[in-house]
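Here is the structure we will look at.
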Amino acid sequence: MYKLYFSPGACSLAVQVVLRELGLPFELINKASVADYQQINAVGAVPALDIDGAVLTEGAAIMLYLLDKHANDLLPAEASVRQQAIENLMFANATVHPAYSKLFFLSNQLADSAVKQQALQVAAEHISKLWQLIENRLQTQPYLGGQQYSVADILLTVYAGWGRFFSVVIHIGPRSQAMINRISALPGYQAAVAAEQQAAI
Ligand SMILES: N[C@@H](CCC(=O)N[C@@H](CS)C(=O)NCC(=O)O)C(=O)O
């Protein structure tokens with residue numbers, strides 16, 4: 001049985017959506033309920049996935065593990081399309097996620113409110129540029145990888161929700177917003193959000 005360690009609204013939400021998309025049973029554990037979470041993940045971050053006592057960390061690696069192990073439509077089998085899907089996953093996880101992470105870092109680390117606001121706005125402009133790249137890709141297709149949604153779209157949808165925590169302007173184009181709306185409306189996504197709210201602390 002899988003155990004997924006999460007924090008509400010964090011990137012671990014995307015792993016939970018993937019578990020649901022794959023129809024897998026799992027237990028949800030709020031990181032805040034664990035006395036010494038660093039024993040689970042020395043980095044201290046979510047997600048972490050416990051597989052019968054063995055712990056996987058790093059969201060992209062967890063997703064690739066699950067998608068390799070269980071039949072799905074989220075990671076194509078054909079080599080060149082699969083490579084593109086992995087590239088999209090990494091673009092989301094290793095390029096867009098860190099861009100959003102800067103907002104949290106700056107907000108927590110900078111004391112001077114004027115300096116903080118200026119730095120946040122610069123970070124937000126970088127995020128907007130990344131969303132413009134996504135918007136360009138979505139001019140001819142509904143999802144990052146084509147006609148079928150993938151883990152990259154799920155991750156991007158989770159990240160898009162983080163902008164509301166900061167008083168900055170992040171431009172998300174209409175086609176990107178439509179993608180976000182479709183992913184957010186998936187039964188698995190809705191169930192994942194609800195499960196996070198219900199999971200005991
Ligand atoms: N590279 C890691 C980053 C994970 C990460 O940044 N997780 C955030 C939540 S989205 C977190 O747990 N932050 C709290 C912390 O690092 O203590 C991954 O992709 O899994």
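Along the sequence shown, residues are numbered consecutively beginning with 1. In listed order, ligands and their atoms are each counted from 1.
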- [ ] Could you please spell out the steps behind the side chain to side chain donor-acceptor pair (under 3.5 Å) verdict for Ser80 and Glu78?
- [x] CA-CA 6 Å; Ser80 65; Glu78 195 277 316; 2.8 Å; yes

Open item on the list: To the nearest 0.5 Å, what is the distance between CD on Gln117 and CG on Leu110?
Closed with: 11.0 Å

TODO: Output all residues satisfying side chain to side chain contact (heavy atoms under 4.5 Å, CB included) with His171, sequence neighbours left out; order by chain, then residue number.
DONE: Ser128, Val169

Task: Those residues that, when tested against Arg82, pass salt bridge (Lys or Arg N to Asp or Glu O under 4.0 Å) (two or more places apart) - done: Asp68

- [ ] Tell me the residues surrounding ligand 1, counting only those with a heavy atom closer than 4.0 angstrom, sorted by chain and number.
- [x] Ala10, Cys11, Lys31, Gly44, Ala45, Val46, Pro47, Glu58, Gly59, Asn93, His97, Trp162

Task: Neighbour count >12 (heavy atoms, 6.0 Å) for atom CD, Gln118 - done: no

Task: Partner residues of Tyr2 under the side-chain hydrogen bond (donor to acceptor under 3.5 Å, both in side chains) criterion, sequence neighbours left out - done: His70

